[in-house]
Amino acid sequence: MDFSYSPQEEGFRTDLRAWLADALPPGWGETVFEPEDEDERAMFRLAWEKKLHAGGWSGINWPVEYGGRGATLVERAIFAEEMARVGAPEGLNIIGHNLAGSTILRHGTEAQKQYFLPRILSSEDVWCQGFSEPNAGSDLASVRTRAERRGDTFIVNGQKIWTSFAQYSQWCFALVRTDPDAPKHKGLSFLLIDMKSPGISIRPLRQISGECEFNETFFDDVEVPVDNIVGDINDGWRIAMTTLAYERGPEDALGRQIRFSQELEKLIDTVAATPRGDAMLIEDPIVRQKLARSVTEVEVMRLNAVRTFSKYLNGDDRGPDASVIKLYWSHAAQNMYEAAMDILGPTAPIAAPDPLSAGGGRFQLSYLQSKAFTIYSGSSEIQRNIIGERMLGLPR
Amino acid sequence: MDFSYSPQEEGFRTDLRAWLADALPPGWGETVFEPEDEDERAMFRLAWEKKLHAGGWSGINWPVEYGGRGATLVERAIFAEEMARVGAPEGLNIIGHNLAGSTILRHGTEAQKQYFLPRILSSEDVWCQGFSEPNAGSDLASVRTRAERRGDTFIVNGQKIWTSFAQYSQWCFALVRTDPDAPKHKGLSFLLIDMKSPGISIRPLRQISGECEFNETFFDDVEVPVDNIVGDINDGWRIAMTTLAYERGPEDALGRQIRFSQELEKLIDTVAATPRGDAMLIEDPIVRQKLARSVTEVEVMRLNAVRTFSKYLNGDDRGPDASVIKLYWSHAAQNMYEAAMDILGPTAPIAAPDPLSAGGGRFQLSYLQSKAFTIYSGSSEIQRNIIGERMLGLPR
Amino acid sequence: MNFGFNEEQKSLGDTVAALLADFPALTGPDPAQARDPAVWQALADLGLFALLVPEAHGGVGLTLVDVALAIEALGAGLAPPIAASTMIATDIIVREGTAAQQASLLPRIATGELRIALAMLENGQGYDPDAVQTVMGGNGVTGSKILVPDADIADLLLVLSRVDGGVGLVLVARDARGVSIRHHADIDPSSGLCEVTLDGAALMDDALVGHAGSGDVVPRLMDAAAIVYAGMAMGMAARMLDAAVDYAKTRVQFGQPIGAFQSIKHRCADMAVAVEAGRSAAYYAFWTAAENDPDRSRSASMAKAYCGEVARDVCNETVQIHGGMGFTWELGLHRFLRRAKVLEHGFGNHVWHYERIMAETLAAQAAGDKAQAA
Amino acid sequence: MNFGFNEEQKSLGDTVAALLADFPALTGPDPAQARDPAVWQALADLGLFALLVPEAHGGVGLTLVDVALAIEALGAGLAPPIAASTMIATDIIVREGTAAQQASLLPRIATGELRIALAMLENGQGYDPDAVQTVMGGNGVTGSKILVPDADIADLLLVLSRVDGGVGLVLVARDARGVSIRHHADIDPSSGLCEVTLDGAALMDDALVGHAGSGDVVPRLMDAAAIVYAGMAMGMAARMLDAAVDYAKTRVQFGQPIGAFQSIKHRCADMAVAVEAGRSAAYYAFWTAAENDPDRSRSASMAKAYCGEVARDVCNETVQIHGGMGFTWELGLHRFLRRAKVLEHGFGNHVWHYERIMAETLAAQAAGDKAQAA
């Protein structure tokens, strides 16, 4: 066991820091921020992602032959750490990188890898995810979107929901029913769908924070070439499970952890600067207990992710451990924002841009957003089923 | 809504106080206590119960014709309050009074009422409860103890578990299988069994606190007259549900609440008298939060019971509200003892009779005992099923 | 002793609930669209604001316990906070106002003519009313109040202020000289939370509420407000529980209603227990306030602390049980999350009230020991 | 960077677990029957006490991270506390002892000849080592220590004491003049908790542990002990989780194993997550202690606070999942409840450590801000 970094790993970090110092706009995070407008922000993030790619910082641990850097999982973790350290913008094509790319890399044909992977890394293709449907949420295997084969083409009809960033996407990977007569897990296929195809329409779906990150996406006689299937026909459930393991896995968790850790640091700074009567709020022993509990939980998020990275490095398969990671971080983060609201009382309700809002009013929005953590990417109930059945071997 | 007492109710209280002042041994609760030895304590409690009966304080709200006092439910609540106020000994025949008596009163024949009820009130007959079996715990309806009818007699064979106080009991009410071919809830009967019958043997069962309150009870060709059935043959499940509603109901909860409330008061006194460095432990804001939470929860226990009493007074039937009461008090009491151990740290592990134990070392034993609260009288899981299905109407 | 509501009390709750249901925007998805001034008039026409006013002043002469279910309904229906604020202020004026104040204000309150907002909190202070910095002096009231619900639509402000070295309540007309009002940006735009700046704000005639020498006016306000907020929190929690149970009965996944799964069923059961427990705490507190029972402050704090936690937990769980639908804007569950945060932090959060419970408990225990020793 | 254990480290854990399993009374129902002196000798024969001793002194020269899984096994097997105490003392003597102490003590520790008990807490004080009242003076050590595990079977006592105006650690032979020992009545008789009264207790030669001028000896002891206790807590928690899962697979009610019911399945899943999370915290802390990393104290406190809570919760849930069997004496789950309480309150409970985490975090954040400003 060793938590220290090798000279090569430290070198990677140094190079990245140097590059970032040049690449970020002057005053970034202090006087210069992301655009407020949702669309402008999306374009800003896309531009940043393309800049990373141009600098050679896209696909850190992907093979060089598909446009990646060929580095290690540890270097990927360092990358996430450094990006967060400087508060770098998020990417727009996270689903492309983490899910579409990882799935194609594992299960795609050579032709698919050659075509799609470089275009993901360059963010020429932004991706969205077509899994959930109105009646297939936790029960994902009950998707009804049909794909009927006609010659060299699938004809896709149906409706997907929670398709994040669909409005900016060139491609969508979707779980569709190709055999309506088979048992529900057995009749599914995993298709790659060009979002420019005729018959696709998108309706934005507002979430409780007021933002429109999600969409409903409708497919009306959409034609998809049969070459755009990943894996065999009717073997889509197995492919989708790979996607989900990446969605819930340590790469995703580590990136989030660093942002939560920054938010927590900001919270502590805010509390330290908040007067409460004759003293400062940070001196309140009850407040300190709550903060320390979150400090611990956020650190444990990181350690969980790093331990799981180590298992993969040491050759273990990706399995239900991704559910352990996701169940942990989602609840710990909710606890943190709930604690933030508790601690900031009585002014907890005051939000940005009110001059009296604590910490620039970021915590109210994050608090509301955090309610989705335990629902998306598989609800906590589903994660507990997976852990109970697949990790602990309890009966169905 | 009115929480104040009528003059008649206040009169009842005054009479009871006067009687108690005479009846309790001088120095009770200060220099005079219950015997330490389990058997001696049982006999002490029995004697106390008989004294209460002789004084006319047994069966407060039972009809006068069966030896009761014919008072109201509110007076019964006052009785519980006053008994607890002076820290009166518990009775030995609680199961007789609360469960056997209440069930016979509701479902028994006139002959059963006339025979059994006065003997319960006088504690001539102490009762135990033969419901659970090794393989019928939460799933009570799967009891296997058989009762075969031969003429005017049932022949009972099987094993019961958790039969509290069986060693002191003259009678046992038992749920037994009279039709092995019927669906499991439909083949049960409710029998009253004389514990002197040949073929009954008892084995004490030690619990985690080290005490032996419980037993296993074995029935080997035990003969029970058919007259000793309550309700019809194969209608025992319905009868048993009445028993359980009383076991979990407000009478039981109120008696417990008053003891928890006394323990909590003792805890607060102990904390107030405990130095912690240069200050007193009671000045610690974190300790105060925990104590106040328990103060609130213990008060809510009382209010829940009184609200439910009021529903019954106003004519509502006993239903799943008993499960609400039981689920609440059992967890609140566990929380209180867990908080006590937390608060008393670092000396929390020191128990009676160590001179350094806090509050006379009572909290460690109570802490261990409290683990059973959420298991006996129907586990929390069972109570949640009942509330979910019978109160909220959720599907099975 | 009877811990049940009578038919009149129940019917009052049902009537308020039915009235609010006629204004669907109140609980609609957009909090900015939820402030319909017609609601106030409808409640006034119903006679809600006359209930606590004594008959001698043109009211019905009821007590807080009589309106407990009506207040639950205000919570459940996400009614404009000014309704609750006015009722709390009515209680204070009835209990503590001078004869002149009662004569001049109560008849106008009864008809719905006067909306009264409660201006308590200040920036940089905690919840403790004794920490207030706003001062009433010869030239009016000076200070800055934050998080005043519906201040912008109020007629009067009841302002917590230092008065003659103590702390008291002062009446200020919203349109008086020296009063300026600014909307907060906040988590619940439907609560109309405002910052109120008082710069030598002109006092009403006979502005100081509280009989000379009565030290109970501020504690009574804190208690009445805590109890009313606890009642509203329970109304919200009960409504969210119903929503969760209804959804669990109808939403099918894995071939059955999700309410058949223990993970959902047991959580609903725990919520039901919490709602019953919270109601026990709240109803008892309503009764102690109506009777001015010695246990009033302790029970008010128990209700506020406990019910705030229950409402928070139930709102969170209800979102979770609704899955993806739970965090859509359109379904509007977020309206309850938002409002619950406002109620939770109004008039003391659970930490402040638990501390107060402890102080009250220790005082009672000491008094009991003393009585026993005597 | 690699956060996995190597084969040697894993095998050490397995070996200790297998050895302890040969002594079924250790985890049997009766805590009074669980103190078998043969266990110490068996662990010594295995070489456990040589592991942390440097090779120069006859040991193996491993660090705390190497023995992390062995310590988990000590926890899971309810080993006599003197084993862990001696290993903690070994760490301190190796890190902070004088050359003379190392030369005289370490070889005898390595062979299992010396059992060392840790005498820290005092009545009326909290967990804070700086609050200690026991004093080392010219005529020996005077004070009273409580809750010293296995003091009665120790050869040496490592005593927290005021020394020259500061706080330090002093070695006292158990059979020295002025030492008297009394068994506590306590929740876990298998822990051998004792009150140790020091009445001018005679010091060993060279009794003061800690290089002159090193201020780290007491913090290091607190950290090492916190980490070892956290490790043992995780061993217990993992064993209880296994017991719960095994029972859930085999106990049938309502026609199926109870583990098929979500109420049981999901609780097992939550426990599994807690155990993994606790292990993450504990293993990292073992590493920081082995490396004497700047994050040592913070991570030790995180481990102790968090793992103590996990062990408590998992023990409670495991009793609940076992239903009626769970609270029988014979099944012996109470042994884990009892021991967990001793571990939870040894060397600081979660409240004390959370406070320490906050102090460390604020100090680190201030240092970071300073570094960034420079």
Side-chain angles (χ1 to χ4, degrees), chain B residues 1-6 9 72-74 77-78 264-265 268-269 272 282 285 287-293 295-297 299-311 313-314 316 320-321 323-328 331-332 380-381 383-389 391-396, chain C residues 1-6 9 65-66 68 241-242 245 248-249 256-260 262 264-274 276-281 283-284 286-288 290-291 293 298-299 301-303 305-306 309 350-351 353-362 365-366 368-369:
Chain B
M1 180 171 309
D2 189 357
F3 284 87
S4 48
Y5 295 98
S6 71
E9 289 159 357
T72 66
L73 266 175
V74 174
I78 293 172
L264 181 56
E265 202 169 309
I268 293 172
D269 285 344
I282 193 73
V287 165
R288 293 167 77 89
Q289 289 286 308
K290 289 180 184 170
L291 288 173
R293 173 91 198 189
V295 165
T296 304
E297 291 189 343
E299 176 72 351
V300 168
M301 271 184 215
R302 180 179 78 85
L303 298 168
N304 281 347
V306 178
R307 269 181 82 207
T308 306
F309 262 129
S310 296
K311 282 188 200 163
L313 274 172
N314 296 341
D316 283 13
D321 42 6
S323 291
V324 172
I325 285 181
K326 199 267 170 170
L327 192 56
Y328 187 85
H331 288 272
S380 296
E381 290 75 19
Q383 312 296 353
R384 292 188 186 106
N385 276 344
I386 292 172
I387 296 166
E389 291 162 14
M391 191 165 124
L392 304 177
L394 291 167
R396 281 183 173 274
Chain C
M1 175 149 79
N2 193 332
F3 198 164
F5 290 104
N6 62 32
Q9 291 161 340
V65 80
D66 298 312
L241 169 62
D242 287 348
V245 169
K249 285 178 185 171
Q256 52 183 324
I258 61 172
Q262 282 190 340
I264 306 298
K265 181 184 294 177
H266 285 192
R267 213 175 301 162
C268 288
D270 282 336
M271 287 197 279
V273 171
E276 286 307 308
R279 282 177 155 159
S280 292
Y283 296 163
Y284 174 61
F286 274 105
W287 181 81
T288 64
E291 298 291 317
D293 187 87
R298 197 181 70 116
S299 69
S301 282
M302 290 198 297
Y306 197 76
E309 294 189 308
H350 63 275
V351 171
H353 281 287
Y354 280 131
E355 174 55 38
R356 191 167 179 247
I357 291 163
M358 205 57 223
E360 294 280 336
T361 301
L362 288 169
Q365 215 153 312
D369 291 352

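Residue numbers begin at 1 in each chain, while the letters A, B, ... track the order of the sequences. The structure displayed is predicted, hence computed values, not measured ones. What you see below is based on every heavy atom in this structure, not just the backbone, and it leaves out hydrogens, waters and symmetry mates.
In this structure, chain B has heavy atoms under 4.5 Å from both the backbone and the side chain of C:A359. In this structure, chain B has no heavy atom under 4.5 Å from any part of C:E291. Both the backbone and the side chain of C:R279 come within contact range of chain B, with heavy atoms under 4.5 Å apart. Looking at B:E297, the atoms closer than 4.5 Å to chain C (heavy atoms on both sides) all sit in the side chain, from C-beta outward. Using a 4.5 Å cut-off between heavy atoms, C:Y306 touches chain B through its side chain atoms alone. Looking at C:F286, neither its backbone nor its side chain comes within 4.5 Å of chain B, counting heavy atoms on both sides. Interface remark: B:L313 contributes side-chain atoms only to the contact with chain C (heavy atom separation under 4.5 Å). C:V273 touches chain B through backbone and side chain together, each having a heavy atom under 4.5 Å away. Within the 4.5 angstrom heavy-atom criterion, only side-chain atoms of C:Q9, from C-beta onward, approach chain B. With a 4.5 angstrom heavy-atom cutoff, B:E299 touches chain C only via side-chain atoms. Using a 4.5 Å cut-off between heavy atoms, B:V74 contacts chain C through its side chain alone, with no backbone atom that close. With a 4.5 angstrom heavy-atom cutoff, B:N314 touches chain C only via side-chain atoms.
Taking C:E360, C:H266, C:Q256 one by one and counting their heavy-atom pairs under 4.5 Å with chain B, the maximum is reached by C:H266. Your options are C:S299, C:A281, C:C268, C:A277, and the one with the most heavy-atom pairs under 4.5 Å with chain B is C:A277. Annotation: maximal heavy-atom pairing with chain C below 4.5 Å, among B:M301, B:E381, B:K290, B:K311, occurs at B:E381. Each of C:V65, C:V351, C:I357, C:V245 has some count of heavy-atom pairs under 4.5 Å with chain B, and the biggest count is that of C:V351.
Judged by distance alone, the side chains of B:D269 and C:Q365 do bring a donor and an acceptor atom under 3.5 Å apart.
Annotation for C:A269 and B:G388: closest pair CB-N, 4.1 Å, computed over non-hydrogen atoms. Listed here is the closest heavy atom pair of C:S280 and B:N304: OG-OD1, 2.6 Å. The minimum heavy-atom distance linking B:S310 with C:G4 is given by the pair CB-N, 4.2 Å. Of all heavy-atom pairs spanning B:S4 and C:W287, the tightest one is N-CZ2, 3.6 Å.
Between C:M358 and B:I282 the shortest side-chain heavy-atom distance falls below 4.5 Å. Within the 4.5 Å cutoff, no side-chain heavy atoms of C:N2 are placed close to those of B:M1. Put simply, the side chain of B:V295 reaches to within 4.5 Å of the side chain of C:R298, judged on heavy atoms.
Distance NE2/B:H331 to CG/C:D270: 7.0 Å, rounded to 0.5 Å. Atom CD of C:Q262 and atom CZ of B:R384 lie 9.5 Å apart (nearest 0.5 Å). How far CE of B:M391 is from CD of C:E276: 5.0 Å, rounded to the nearest 0.5 Å. Between the CD1 atom in B:I268 and the OG1 atom in C:T361 there is a gap of 6.0 Å [rounded to 0.5 Å]. Note that the CD1 atom of B:I387 and the NZ atom of C:K265 stand 12.0 Å from one another [nearest 0.5 Å]. With rounding to the nearest 0.5 Å, the separation of CZ in B:R288 from CZ in C:R356 is 13.5 Å.
Not one N or O on the side chain of B:Q289 forms a donor-acceptor pair closer than 3.5 Å with the backbone of C:Y354.
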Derivation and outcome, side-chain contact (heavy atoms from CB on, under 4.5 Å), residues B:L392 and C:K249: CA-CA 10 Å; B:L392 304 177; C:K249 285 178 185 171; 5.6 Å; no
